[in-house]
Amino acid sequence: MPTRAFGRSIVITGLLLVTAVVLGRIDLVVLAAPFALGSALALRRRPVGRPEVRIALTGQLLAEGGELAATVSVGNQDVIGYDLVVLRTGISRWLDVHHGDRPYLAPVSPGQIIDVALGGQALRWGRHAFGPATVRAVACDGLLVSPLSRAPARGVKVYPLTEPFEAAEAMPRAAGLVGGHRSRRPGEGGELAGVRVFGPGDRLRRIDWRVSLRTRQLHVAATLSDRDAEVVLLLDVLREAGRSGGVHGAASVLDTTVRAAAGIAEHYLHRGDRVAMLEYGFRARRLRPASGRRQYVTALEWLLDTRASATPYEPTGPLFGAHLLPANALVVVLTPLLDPRTAAMLARLARVGRFLVAVDTLPPGLTAPNPGEWAAVAERLWRLERENVIGALREYGVPVVAWAGAGSLDQVLRDVSRLAAAPKVVFR
Amino acid sequence: MSGFLNDLHDMRVGLASRIRRWRTMAARATPGPMLVRGTVWAAGAVAMVLAYPIPLLLDRYGLVLLTLTALPALAPRSLFVTPVTLVAVIGWLVSTTGYGAPPSLLHLLGLATCLYVVHTGAALAAQVPYDAIVAPAVLVRWFTRAGLVLGATAALAVYLLVLADLLGGTGTLLATLAGFGVAVGLALFLARLLRRPG
């Protein structure tokens, strides 16, 4: 496509030559000569093809704060070279690419491919777009420019940085088949339950020869079975609050929720337990329980799609309910307690006998979005009301604890385990 | 009255937004594009100095003319480049006819060089964003090609002016014929180019 310079060269050349002819001035012909010669030399050979552009990402697994490397390649398949190509790449704001927001210019000879290496850091978890990349070529001394060529965006998966989490306490009710938790049911395990008389089905290696010789009757060492447990992480995504600053800045509610969920899932999956995830929001996504490293990777992938999904309705029915939470599972609810429906949901689950722990994911130091004359007073009233809700939940039997990484749930889990051992009345 | 105050407020907000944008542009500007635009501005200023007679430049018109030369550098994609070039040519005609200054070869070549640098520099600046990272080869090749064109122009200028001197009074006829010939040749050439695919 011709540029404005193309028209300018024709207009100036024509005007100067016509004036030279009318006035009989040879010097005006000299002034017009570079415009005419330059255009003629530039336009004698014109490229016909568009430039090609491609985005390539290097590296596979990327976590928050990890280094990202990408290459944008521009190729010229024409027989005429491009004076320059203008390359622009759109990049997500959560990928801090050095000079990624600037256009790049370089000449491209016929048959040549130039590579622009871009590197940076991933600032926040989630699925981010690297691209699209657009390029246009300029030829014939700026008199012609090509249409835009475009490469589609490439997806970049940035996994959450797991906040270290350790919980040394027993599970409230380990009801799985094989695992690492002590249970009170007899079965194959490592915990000695006592010595009893040998019965049909007992294994010979369990025979306690010392007791058997003393009593002159075969006795075996009875053990308590080691069972695994199920942990359900319930993510409250009805509301988002706070401004996320990425991995190096302040955390929003969703940041804390996702990172805490990843840390807790990593801990229990590493111990051999089964972990499931459930969203309390409009979409009500669910990750089925499973164990092992594969489940950990699946859980991280599942967490990438977490986003606030407000709804004016109550997520009930087949999408969400107590029927999705096994009776023996430990339910860890990650919630900022911003929506009154969340507190009601917690109370309902406690009433039907689920083992609940609520983790408060509201960022400390959160301020009102619109500071004004009455903002401080309104915020104080709101915080007092929230404290009341937390107090009411605790009285109802739902422990609420603020998320603080390693050890923040130890005391609470100990209390939950103690409560699980006691008989309780539940409403069905 | 409240409508007027609202308009004033909108103007103030708009002006503040523009100033912020200019400050952001100044902070993000890179050396390559600024070098190109600076070259356009400098070539335009030198062209005005060469084109116009000194008494006119030392008058108040000189400041206006030099300010005009900033327009192609600030807005290379705009229509300002052509009028500024023509203003320089008008100055040349005024200088050589109205003030009777004899056109020397060096003077003429200098003006032709500056006008062409303004044109080709503006063509390059129009394609180079102000915050772009420019490979040095782009600028080197571009201005090398411009240098070749100006070299050919110098040779042509010497040929035409020497010929005009040799032919004496038929210089006017020569100019007419030369100009007409170049115009016709260029028109034919462009027409052929537009028909040919590449």
Side-chain angles (χ1 to χ4, degrees), chain A residues 3-48 78-80 83-84 86-88 99 101-107 114 116 136 138 141-143 145, chain B residues 28 30 32 77-79 81-82 85-86 89 92-93 96 103 108-109 111-113 115-116 119-120 122-124 126-129 131-135 137-138 141-142 145-146 148-150 152-153 156-157 160-161 164 171-176 178-180 182-183 186 189-190 193 196-198:
Chain A
T3 62
R4 204 180 284 278
F6 185 95
R8 181 168 68 234
S9 68
I10 295 175
V11 167
I12 291 177
T13 306
L15 279 176
L16 285 174
L17 290 176
V18 167
T19 310
V21 168
V22 169
L23 298 180
R25 297 282 298 257
I26 196 78
D27 51 348
L28 294 182
V29 177
V30 174
L31 290 180
F35 293 90
L37 283 173
S39 302
L41 284 172
L43 292 171
R44 76 189 191 286
R45 297 172 75 203
R46 294 177 294 161
V48 295
D78 209 303
V79 295
I80 313 295
D83 294 340
L84 61 98
V86 183
L87 171 67
R88 293 177 191 266
H99 290 324
D101 57 342
R102 292 180 183 272
Y104 282 79
L105 274 70
I114 61 164
V116 178
R136 70 168 189 274
V138 179
D141 285 342
L143 300 183
V145 64
Chain B
R28 283 179 58 86
T30 48
R77 295 187 199 94
S78 67
L79 294 171
V81 185
T82 306
T85 306
L86 296 177
V89 173
W92 174 257
L93 291 174
T96 51
L108 181 62
L109 284 177
L111 179 60
T113 300
L115 291 181
Y116 185 67
H119 162 70
T120 193
L124 176 59
Q127 304 302 329
V128 176
D131 57 349
I133 296 176
V134 184
V138 170
R141 290 188 194 185
W142 195 281
R145 285 194 299 272
L148 290 173
V149 170
L150 291 169
T153 303
L156 180 66
L160 286 175
L161 288 177
T172 303
L173 177 62
L174 176 65
T176 305
F180 185 70
V182 173
L186 191 59
F189 179 67
L190 285 173
L193 277 176
R196 184 158 62 94

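By convention in this document, chain letters (A, B, ...) are assigned in the order of the sequence lines, proteins followed by strands, and residues within each chain are numbered from 1. Both backbone and side-chain heavy atoms feed into the values below; hydrogens, waters and symmetry mates do not.
In terms of heavy-atom pairs under 4.5 angstrom with chain A, the leader among B:L79, B:V134, B:L108 is B:L108. Each of A:G142, A:P107, A:A32, A:A42 has some count of heavy-atom pairs under 4.5 Å with chain B, and the biggest count is that of A:P107. Of all the listed residues (A:D101, A:V79, A:V138), the one sharing the greatest number of non-hydrogen pairs under 4.5 Å with chain B is A:D101. Of the listed residues B:A122, B:A132, B:A123, the one with more heavy-atom pairs under 4.5 angstrom with chain A than any other is B:A132.
In this structure, no portion of A:I80 lies under 4.5 Å from any heavy atom of chain B. Proximity to chain B is limited to the side chain of A:V145, based on heavy atoms less than 4.5 angstrom apart. With a 4.5 Å cut-off on non-hydrogen atoms, B:L111 touches chain A through its backbone and its side chain both. Interface remark: B:R77 contributes backbone atoms only to the contact with chain A (heavy atom separation under 4.5 Å). Residue A:L28 touches chain B through its side chain alone, counting heavy-atom pairs closer than 4.5 Å. Contacts between B:L156 and chain A at a heavy-atom distance below 4.5 Å involve the side chain alone, from C-beta outward. For B:T85, the part lying near chain A is the side chain, with the backbone staying farther off; criterion is any non-hydrogen pair under 4.5 Å. If you measure heavy-atom distances from A:D78 to chain B, you find no contacts under 4.5 Å at all. At a 4.5 Å heavy-atom cutoff, the contact between B:L115 and chain A is made by backbone and side-chain atoms alike. Residue contact with chain A, scored on non-hydrogen atoms closer than 4.5 Å, involves the backbone and the side chain of B:V138 alike. Interface residue A:R4: only side-chain heavy atoms are found under 4.5 Å from chain B. B:S78 touches chain A through its backbone: at least one of N, CA, C or O sits under 4.5 Å from a heavy atom, while the side chain does not.
Looking at A:S39, its side chain never comes within 3.5 Å of a backbone N or O of A:A36 through a donor-acceptor pair. Side-chain atoms of A:R46 do not come within 3.5 Å of backbone N or O of A:L43 as any donor-acceptor pair. With A:R8 contributing its side chain and B:T82 its backbone, the two residues share no donor-acceptor pair below 3.5 Å. In this structure, B:T30 contributes its side chain and B:I133 its backbone to no donor-acceptor pair below 3.5 Å.
Residue B:A112 comes nearest to A:V30 through the heavy atom pair CB-O, 4.2 Å, listed as atom of the first residue, atom of the second, then distance. Residues A:D141 and B:W142 come closest through the heavy atom pair C-CH2, 3.2 Å. Contact record, A:L105 with B:P129: CD1-CD, 4.0 Å, taken as the closest heavy-atom pair.
With values rounded to the nearest 0.5 angstrom, A:L31 atom CG is found 12.5 Å from A:L15 atom CG. The CH2 atom of B:W92 lies 12.5 Å from the CG atom of A:L16; values are rounded to the nearest 0.5 Å.
Taking the six-membered ring for Trp and thresholds of 30 and 60 degrees, B:H119 and A:F35 have ring planes inclined between 30 and 60 degrees apart.
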